[in-house]
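Note sheet for the following structure.
Sequence positions, counted from 1, serve as the residue numbers for this chain.
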Amino acid sequence: MKNFILKNTKSLLASAIMLSATGCSDLKENPDFINPSTFYQSAKELELGVNAVYDDLTMGNGDWFNHFYNRYVFECLVGYQVGWEKGPLQYNLGNISASDDYINAYWQQCYRSIDRANNIIETADKIQDVANADKVKRIKAEAQFLRGFYYYELVRYFDNPPLKITSTQSYNDLPSNDGGKQKVLEQIYADCSAAASVLPASYSGTDAGRATKWAAKTLLMKAQLWGQKWAEAKATSEDIINNSGLTLYADFGSNFDISHKNQGERIFEGQASAKVNSSEYTNSSAHFNPEDFPSDLGGAGWSWLSATKDFRMSYKSSDKRIDATFIESYPTGRTAKNSKGEFPIVKWSEKADYNLSRFGGLVDPNANPNKPEELIFSKAWSGKLVEMNTNWSTTEKNTIYLRYADVLLGHSEACNESGQGDAFASINKLRDRAGLEPLKGLSQSALRDAIVDEIIHEFAFEQVGYPELRRKSKFGGNPDYLGAYIKRYSDTYKVGRTVKAKDYVLPIPLIEIQGNPKVKQNIEWQ
């Protein structure tokens, strides 16, 4: 695995943004890169630049710890998503530090893309391409959205990231985090509002997947929820609901299949296609593949991440989301082949044994391959992320970042917290699709609990649980949804983990603190 700590630099942030701003040079100081100040002369070139800002949404620079995989690891702090690889395992135990590799990589990736976005925004204001003036404006708006997106990604984990909205020119050009979370949120509001006023409602052809007006407004709403701007979040969500034309798919699984990429309620997603570019693939399938899925049938990867049996059992049996959220059956290579010479099919069952080990929850290797009642497993593999019957390196599945369910649950939360509007209507749309009974007559606190429960079950494996639970929780306070999840995980599986203040926010990377005197560590980590 790569080491992301760059030596002999002032800070990790500075390293990331300088790499994006200046590129590389050889020992003879003959540059092997194109200078941004001279390269961007037209809308076409500017578009190539903004494409690089999208890049970290998937494989980025080919980093081993990808942006999306780091989020998977962070999610393991909650305890419903577990893994046996060292990163997920340590997060399951709450054993993280400010020098953590995943945190370092994530921080660097976000600021690399933020600095690229800053450069695009500044350059767009200078380009003289009269024939393509509207396209230049659109590209600038995309960069503003993406800058807001990556700052949102930082706020949701770190609370107080340093804010910088100009491109970096030297290592001495260091930002501070004075003003904390609120200052960053205000910038996200500004970026999303500016982007939404310019971006189109949709794209077609090769532009599919770019940020739209509705992606900008959805991100704006989510940031408003973080800032507890309930009235504003209510208004933004209702704008999207009433004017976007977006509706829920009849089939929940359409949110995650290949045939519905960049369509319908899928508002914003990271693009991945091995067919288009053999090096541009996500490794999520490899990380989430069932351990015993036969390689003869396309199974490959490390099976580092899954969910607990306890979490799988928290779904009501009538919940229609189960089939798309989890892998309920698959052929196994763990037992002998059956009498037909085929890999037997194993099915999920709460009757199967389970433990947190690498092989815990798999079918018994001594099970009779001709007896279905013995061919059961209890591990909760992700159906949202895995492509069965294909090698992980040929994946075509995008990484979903924003979808219409965000808007609906955000609307219900904003109504509930503001005391204005119908707080039940939007959440009940999701429950209706899931085949669950509608909610009604709940108190404000009871509906708050129900919204949290819906977020966790609607977005399982989409890496929103940890930031959403910590946003709505207070260490040692009430409510404390995150603490309750951690305690349930520890008590159920006897891992001996105790809830602590450090569980409620990630530390700013140590190398940033040491290299940038303008950045202060989060108080929980001081």
Set of ring pair (Phe, Tyr, Trp, His ring centres under 6.0 Å) partners for Phe158, sequence neighbours left out: Trp107

Minimal non-hydrogen separation, Asp453 against His457, with atom names: O-ND1, 2.8 Å

Parallel, tilted or perpendicular: ring planes of Tyr91 versus Tyr102, cut at 30 and 60 degrees: perpendicular

Under 3.5 Å side-chain donor-acceptor pair for Asp406 and Thr218: no

Set of ring pair (Phe, Tyr, Trp, His ring centres under 6.0 Å) partners for His67, sequence neighbours left out: Tyr106, Tyr150

CG-CD1 distance between Leu408 and Ile451, expressed to the nearest 0.5 angstrom: 11.5 Å

Any residue meeting ring pair (Phe, Tyr, Trp, His ring centres under 6.0 Å) with Phe459, in chain and number order, not counting sequence neighbours: none

Phe256: ring pair (Phe, Tyr, Trp, His ring centres under 6.0 Å) partners, not counting sequence neighbours: Phe252

Salt bridge (charged side-chain N to carboxylate O under 4.0 Å, His left out) assessment of Glu468 paired with Arg471: CA-CA 5 Å; Glu468 285 297 296; Arg471 175 171 75 86; 2.9 Å; yes

Donor-acceptor pair, side chain of Tyr152 and main chain of Ala223, under 3.5 angstrom: no

Distance in Å, Gln144 CD paired with Ile188 CD1, rounded so as to fall on 0.5 Å steps: 13.5 Å

Kindly list each side-chain donor-acceptor pair under 3.5 angstrom involving residues 194-207, sequence neighbours excluded, with atom names and distances?
residue, atom, partner, partner atom, Å
Ser197, OG, Ala194, O, 2.7
Tyr203, OH, Ala211, O, 2.8
Asp207, OD1, Arg210, NE, 3.0

Which atom of Tyr466 lies closest to which atom of Tyr504, heavy atoms considered: OH-C, 3.6 Å

Charged tip of Lys347 within 45° of Phe377 ring normal and under 6.0 Å: no

Short side-chain to backbone donor-acceptor contact, Ser237 and Lys234, under 3.5 Å: yes

Verdict with reasoning, Asn416 to Ser412, per side chain to side chain donor-acceptor pair (under 3.5 Å): CA-CA 6 Å; Asn416 189 50; Ser412 284; over 6 Å; no

Distance in Å, Ser378 OG paired with Met313 CE, rounded so as to fall on 0.5 Å steps: 9.5 Å

Side chain to side chain donor-acceptor pair (under 3.5 Å) against Gln187, all qualifying residues, sequence neighbours excluded: Asp191

Within 6.0 angstrom of Lys135 NZ, more than 12 heavy atoms from elsewhere: yes

Geometric class of the Phe65/Tyr69 ring pair [parallel <30°, tilted 30-60°, perpendicular >60°]: parallel

Validation row: Asn398, Asn262 side chains within 4.5 angstrom (heavy atoms): yes

